[in-house]
Amino acid sequence: MNRSKLIREFIVGLSMLLAQVALFRHLTVFGVEPDLPFLFVIWIAAKYDKVHALMSAFAMGLAHDAFIDLWGMHAFSSTLVVLLVHRPITMLGRQALLQWQSFLLILLVASVKNLVFLLLGGFIEAISIRGIFFERLLVGALYTAVIGSFLQ
């Protein structure tokens, strides 16, 4: 990969992270926000090999955690989801997907990521998941998929 492409992707990832922290963190629906850094991770996973996608998922997740003080939860859940679904994402990413197909793909992958995130949060008791489990799981994935399909 050439240097200019790497720098361009770093700028795109950083701008998605900053947009998440500065703007989308305050645009909540039922108390849930979309996950723009994970949309960037899905995009990277569709374009590159598994090692690059895993490193990007961990770095983006850790940077996201640093801004919202959840050290390691986004990094772990993003990396685990990329490890699990990298092959189907790359196979589907090679095709020109219609908007509804990309919406369903993002919805499925974001649901898996939210499930891992919530189970991890409940396990280490970092977040209280009693009242927000289904809202975070379903509405969060749906909100992320809507934003992702518009960006696609």
Side-chain angles (χ1 to χ4, degrees), residues 1-29 31-121 124 126-127 136-152:
M1 178 176 359
N2 60 18
R3 185 180 304 223
S4 65
K5 193 173 188 181
L6 184 65
I7 291 171
R8 191 175 335 129
E9 288 177 358
F10 176 77
I11 291 170
V12 168
L14 183 63
S15 62
M16 294 207 47
L17 179 65
L18 292 175
Q20 172 73 31
V21 173
L23 179 67
F24 284 96
R25 189 169 181 196
H26 304 290
L27 297 175
T28 61
V29 173
V32 179
E33 61 196 50
D35 196 354
L36 257 58
F38 190 66
L39 287 175
F40 176 74
V41 168
I42 294 171
W43 179 65
I44 291 292
K47 289 179 66 174
Y48 295 107
D49 62 335
K50 190 178 249 184
V51 173
H52 186 176
L54 287 171
M55 290 184 346
S56 297
F58 181 77
M60 185 61 79
L62 196 61
H64 191 190
D65 287 333
F67 277 108
I68 59 174
D69 201 25
L70 286 175
W71 289 97
M73 289 180 59
H74 283 287
F76 179 80
S77 58
S78 296
T79 306
L80 181 65
V81 169
V82 168
L83 183 68
L84 294 174
V85 299
H86 183 265
R87 181 176 215 97
I89 288 175
T90 55
M91 289 184 347
L92 291 172
R94 291 183 188 134
Q95 304 169 5
L97 296 177
L98 299 173
Q99 188 146 7
W100 69 270
Q101 292 170 324
S102 63
F103 173 80
L104 288 178
L105 176 66
I106 295 169
L107 180 66
L108 179 66
V109 175
S111 296
V112 172
K113 194 254 184 190
N114 286 348
L115 180 64
V116 170
F117 182 83
L118 289 169
L119 291 176
L120 178 66
I124 63 173
I127 56 174
R136 175 76 183 197
L137 180 65
L138 301 175
V139 177
L142 186 63
Y143 196 9
T144 301
V146 167
I147 298 295
S149 64
F150 282 126
L151 291 176
Q152 186 262 346

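Looking only at atom types and distance, the side chain of Lys113 has a donor-acceptor partner in the side chain of His74 under 3.5 Å away.
The shortest side-chain heavy-atom distance between Trp43 and Glu9 falls under the 4.5 Å cut-off. Taking 4.5 Å as the limit, some side-chain heavy atom of Leu18 sits within range of a side-chain heavy atom of Phe67. Side-chain contact between Asn2 and Leu6 is absent, with no heavy atoms from C-beta onward closer than 4.5 Å. Arg25 is listed as a side-chain neighbour of Ile68, based on a closest heavy-atom distance under 4.5 Å. Counting heavy atoms from C-beta outward, Ile11 and Ile7 have side chains that approach closer than 4.5 Å. For the pair Leu27/Tyr143, a side-chain contact is recorded, criterion being any heavy-atom separation below 4.5 Å from C-beta on.
Between Leu54 and the options Asp49, Val41, Leu83, a side-chain contact (heavy atoms from CB on, under 4.5 Å) holds for only Leu83. With Leu107 as the fixed residue, the side-chain contact (heavy atoms from CB on, under 4.5 Å) test singles out one of Val112, Leu142, Thr144: Leu142.
Heavy-atom minimum distance, Ala63 versus Leu17: CB-CD2, 3.5 Å. Nearest approach of Ala45 to Ala53, heavy atoms of both residues: CA-CB, 3.7 Å. In plain terms, the two heavy atoms of Asn114 and Ala141 that are nearest each other are ND2-N, 3.2 Å. The shortest heavy-atom contact between Val109 and Ile89 is CG2-CD1, 4.1 Å. The two atoms that bring Val29 and Val139 nearest to each other are O-CG1, 3.7 Å, heavy atoms only. When all heavy atoms are compared, the tightest approach of Ser149 to Val146 is OG-O, 3.0 Å.
A side-chain donor-acceptor contact under 3.5 Å links His86 to the backbone of Tyr48. Judged by distance alone, with hydrogens and angles left aside, the side-chain atoms of Ser102 form a donor-acceptor pair with the main-chain N or O of Gln99 at under 3.5 Å. Distance alone, capped at 3.5 Å, is enough to place a donor-acceptor pair between the Gln101 side chain and the Leu98 backbone. Under the 3.5 Å distance criterion, the side-chain polar atoms of Ser15 are matched with a main-chain donor or acceptor of Val12. Listed for the Asp35 side chain is no donor-acceptor partner under 3.5 Å among the backbone atoms of Gly140. Counting only distance, with no hydrogens or angles, the side chain of Glu33 and the backbone of Thr28 share no donor-acceptor pair below 3.5 Å.
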Item checked: Residue pair Leu36, Leu39: steps toward the side chain to side chain contact (heavy atoms under 4.5 Å, CB included) verdict -> CA-CA 5 Å; Leu36 257 58; Leu39 287 175; 4.2 Å; yes
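Phe58 CZ: 12 or fewer foreign heavy atoms inside a 6.0 Å radius.
A distance of 11.0 Å separates OG in Ser78 from CE in Met73, rounded to the nearest 0.5 Å. Residue Asp65 holds its CG atom at 7.5 Å from OG of Ser77, rounded to the nearest 0.5 Å. Gln20 contributes atom CD, which lies 10.0 Å from atom CD1 of Ile147 (distance to the nearest 0.5 angstrom).
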